[in-house]
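Presented below is the structure to which this report refers.
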Amino acid sequence: MSKAITSRQQDYSQWYNDLIIKSGLADYSSVRGCMVIKPYGFALWENMQRQLDKMFKETGHQNAYFPLFVPKSLFEAEEKNAEGFAKECAIVTHYRLKNDPDNKGKLIVDPEARLEEELVIRPTSEAIIWNTYKNWIQSYRDLPILINQWANVVRWEMRTRLFLRTTEFLWQEGHTAHATQQEAIDETIQMLHVYADFAEQYMAVPVIKGVKTENERFAGAVETYCIEALMQDGKALQAGTSHFLGQNFAKAFDVKFTDKDNTLDYVWASSWGVSTRLIGGLVMAHSDDDGLVLPPKLAPIQVVIVPIYKGEEQKLKIDEKVQVLVQELKAAGISVKYDDSDNSRPGWKFAEYEMKGVPVRIAIGARDLENNVVEVARRDTKEKQSISIDGLSATIIRLLNDIQDKIYKKATAYRDEHITPANQWDEFVQLLDTKTGFIAAHWDGTGETEEKIKELTKATIRCIPLNNTMENGTCILTGKPSTQRVLFARAY
RNA sequence: CGGGAUGUAGCGUAGCCCGGUUAUCGCGCCUGGUUUGGGACCAGGAGGUCGCAAGUUCGAAUCUUGCCAUCCCGACCA
């Protein structure tokens, strides 16, 4: 069929691309590396946003908005941050076009409209935000500042992939300022837990909470915490990061405050973010060869109702019944769509909504009306059963919860099976090539060894898990002593 | 930015090697009708800068050169 997608086994990357395009989440655009997020994909993002935003507000944060452009001089201020992002920055150098005198109908950059100072299009907003916080903070009474912004950022990446890595992407970035180091660290950890809770409870994607090695740390951070997820092809995906920034940005932007005891000190900071990349992770974590499998808590459409009828008379009777059902389901807080379009037949609709990952499908025909039942099909297992119309919404709620639970458990079982300890180098390499997933191995703690392992195997240290058990061992590569295992994986 | 592949209608394609009327077929789309419990059928219809540009030729989707774009694999990264 024209809508069929490549199987995972045949070509995992192609499967992923097919899925995104054919399920209507996004489309390629005419701008290299940039995609169009289509209504269905954006609805999914909005559901994620809504929940995250709620969680941010419950933890005391407020939303604000800062400019897209960052004057180059501000961008440079925090050296490590600037250096880290420099090679992926898009720069605005001019502010005007004019007609090309040599080529009618064409425009050229007006050389006279050169900016005195170039503007960097934000790859992240620490610089512009800390330059602003400077004006907001004098006293400990001004702290903490707990702000989040929903924004787009641009990072000029070499190679892009739909949702996972695009030149422009949507995200949220939290930027907080605190009077004490401990408070900033607590904030950093708190937000890591918020992300993990969101991933597990809403996306149904299990994640490992950990801390990054120095090599993988965010440019400008003292410590980077992360949540790492595992995709079905055994590659890891960094799903969110929360950074303890120490006083780095406060020093770069000279943000000091007077404490209760009248001492002057630099402000402590955190920043944290998740992006539309989460959509890519969500897709890769649960979906199958028939299309998306979306967790009910985030699915734009939770229930689709498909009528099956012969003739107008039956259709009218079904319509009548469905109107009641739709009211009932909506009243129960379920997002439901009645697809009675007559330009495609039931079989086509079944396949289409499976492609789109709608968790529950209800089919209702004349036969069902007589028996006072509907056919209910769940997307995750493809199981179908006849269910009484009476008290349907309660049944559907249970079913949605069960699907949410099942796909989380399935993903967790897969993830857990793919955390494998390795003690010998040969074993380590072989596991990466054959079993894939996370490999738990000892590491001597040096950046050089990490780099070497990356060169040899393309695997990186995804994180040092929080609450890691301490055990003595020897580094998988160098044989030097180590006190704990870290998680290696090939990653997106 | 290196390596590989591919560009023909909205999508998928035939034709290209060996140049020759009006560019093939399927899906989708439009109109009318019959249908509807797993991707319907009949009849009619619309839809094309053959990626772009030069060149060779009486003649180019087809040959030559250059360019562009996209995808995949790397390096870089969320």
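Every chain is numbered from 1, with letters handed out A, B, ... down the list of sequences. Model, not experiment: these values are computed from the prediction.
The side chain of Glu88(A) lies closest to C76(B), out of C71(B), U36(B), C76(B). The side chain of Lys458(A) has G74(B) as its nearest neighbour among G37(B), G74(B), G38(B). Here the nucleotide nearest the side chain of Ser275(A), chosen from A78(B), G39(B), C72(B), is A78(B). The side chain of Phe350(A) lies closest to G38(B), out of C73(B), G37(B), G38(B). The side chain of Tyr28(A) approaches U70(B) more closely than any other nucleotide in the set U70(B), A78(B), G37(B).
If you check every strand for non-hydrogen atoms under 4.0 Å, Thr166(A) touches a base. Here Gln238(A) lies in heavy-atom contact (under 4.0 Å) with sugar-phosphate atoms only. As judged by a 4.0 angstrom heavy-atom cut-off over every strand, Glu455(A) is placed among residues making no nucleic acid contact. Ala366(A) comes within 4.0 angstrom of a base, heavy atoms only. If you check every strand for non-hydrogen atoms under 4.0 Å, Lys384(A) touches a base. Among the protein residues, Leu237(A) comes within range of no part of the nucleic acid, since none of its heavy atoms lies under 4.0 Å from any strand.
Between Ile364(A) and Arg277(A), it is Ile364(A) whose nearest contact on RNA chain B lies nearer the 5' terminus. Along RNA chain B, the nucleotide nearest to Gly365(A) and the one nearest to Glu451(A) differ in position, and the one closer to the 5' end is contacted by Gly365(A).
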Checklist line | Watson-Crick and G-U pairing of RNA chain B, under 3.5 Å, as dot-bracket with | and [ ] | finding: (((((((..(((.......[....))).((((((.....)))))).....(((((..]....))))))))))))....
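To the nearest angstrom, P of G38(B) lies 13 Å from NZ of Lys349(A). Spacing between atom CH2 of Trp348(A) and atom P of G28(B) amounts to 10 Å, rounded to whole angstrom units. For Met231(A) and A78(B), the CE to P distance is 16 Å, given to the nearest whole Å.
Taking atom P on both nucleotides, A54(B) is separated from A60(B) by 13 Å, rounded to a whole Å. Taking atom P in both U62(B) and G55(B), one finds a spacing of 14 Å when rounded to whole Å. Using C1' as the reference atom, C72(B) and U64(B) are 28 Å apart when rounded to the nearest Å. Separation of the P atoms belonging to C41(B) and U22(B) is 34 Å when rounded to the nearest angstrom. Taking the P atoms as reference points, C50(B) lies 10 Å from A23(B), given to the whole Å. With both ends at atom C1', the span from G38(B) to C42(B) equals 22 Å, rounded to whole Å. The C1' atoms of C58(B) and G47(B) are separated by 32 Å, rounded to the nearest whole Å. U24(B) and A40(B) are spaced 27 Å apart, taking the P atom of each and rounding to whole Å.
Sorted by first and then second residue, the salt bridge (charged side-chain N to carboxylate O under 4.0 Å, His left out) pairs involving residues 306-317 of chain A (not counting sequence neighbours) are Lys315(A)-Asp319(A), Lys315(A)-Asp340(A). Residue pairs meeting the side chain to side chain donor-acceptor pair (under 3.5 Å) criterion with at least one member in residues 365-376 of chain A, sequence neighbours excluded, are Asn372(A)-Asp390(A).
Side-chain polar atoms of Tyr12(A) and Lys235(A) form no donor-acceptor pair below 3.5 angstrom. Side-chain contact check for Thr59(A) and Gln190(A): no donor-acceptor pair (N or O, by modelled atom type) lies under 3.5 Å. When only modelled atom types and interatomic distance are considered, Thr213(A) and Glu450(A) share a side-chain donor-acceptor pair under 3.5 Å.
Taking only distance into account, the side chain of Glu375(A) never meets the base of G38(B) through a donor-acceptor pair shorter than 3.5 Å. Residue Arg361(A) places a side-chain atom within donor-acceptor reach of the base of G38(B), judged by atom type and a 3.5 Å distance cut-off alone.
Looking at Arg122(A) and Phe69(A), their side chains never come closer than 4.5 Å, going by heavy atoms from C-beta outward. Looking at heavy atoms from C-beta onward, Tyr309(A) lies in side-chain contact with Asp342(A) at the 4.5 angstrom threshold.
Neither OP1 nor OP2 of C71(B) sits under 4.0 Å from any side-chain N or O of Arg161(A). Phosphate contact (OP1/OP2 of A69(B), side-chain N/O of Arg32(A), threshold under 4.0 Å): present. Contact annotation: Asn17(A) side-chain N/O to C72(B) OP1/OP2 distance is under 4.0 Å. Residue Arg367(A) has no polar side-chain atom (N or O) positioned under 4.0 Å from OP1 or OP2 of G37(B). For the OP1/OP2 pair of A40(B) and a distance below 4.0 Å, the side-chain nitrogens and oxygens of Ser344(A) include no atom meeting the criterion.
Salt bridge annotation for Arg379(A)-Glu354(A): absent, with no cationic side-chain nitrogen under 4.0 angstrom from a carboxylate oxygen. Using a 4.0 Å cut-off between a side-chain N of Lys or Arg and a carboxylate O of Asp or Glu, Asp290(A) and Lys382(A) qualify as a salt bridge.
Note that CG of Asn63(A) and CG of Leu146(A) are 12.0 Å apart. Values are rounded to the nearest 0.5 Å. Here the CD-OH distance, from Gln232(A) to Tyr414(A), works out to 7.0 Å after rounding to the nearest 0.5 Å.
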Check: How does protein reach along nucleotides 1-6 of chain B, written 5' to 3' as B (base within reach of a heavy atom under 4.0 Å), S (only sugar-phosphate), or - (no contact)?
Finding: B-----
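Taking a 4.0 Å limit (strictly below) on heavy-atom distances, residues 294-316 of chain A reaches RNA chain B at Ile308(A), Tyr309(A), Lys310(A).
Among residues two or more places apart in sequence or in another chain, the side-chain hydrogen bond (donor to acceptor under 3.5 Å, both in side chains) test is passed with Arg159(A) by none.
For the side chain to side chain contact (heavy atoms under 4.5 Å, CB included) with Tyr195(A), the lone residue among Thr241(A), Val207(A), Ile227(A) that qualifies is Ile227(A).
For the pair Lys209(A) and Tyr225(A), the NZ or CZ position fails the cation-pi test of under 6.0 Å to the six-membered ring centre and within 45 degrees of the ring normal.
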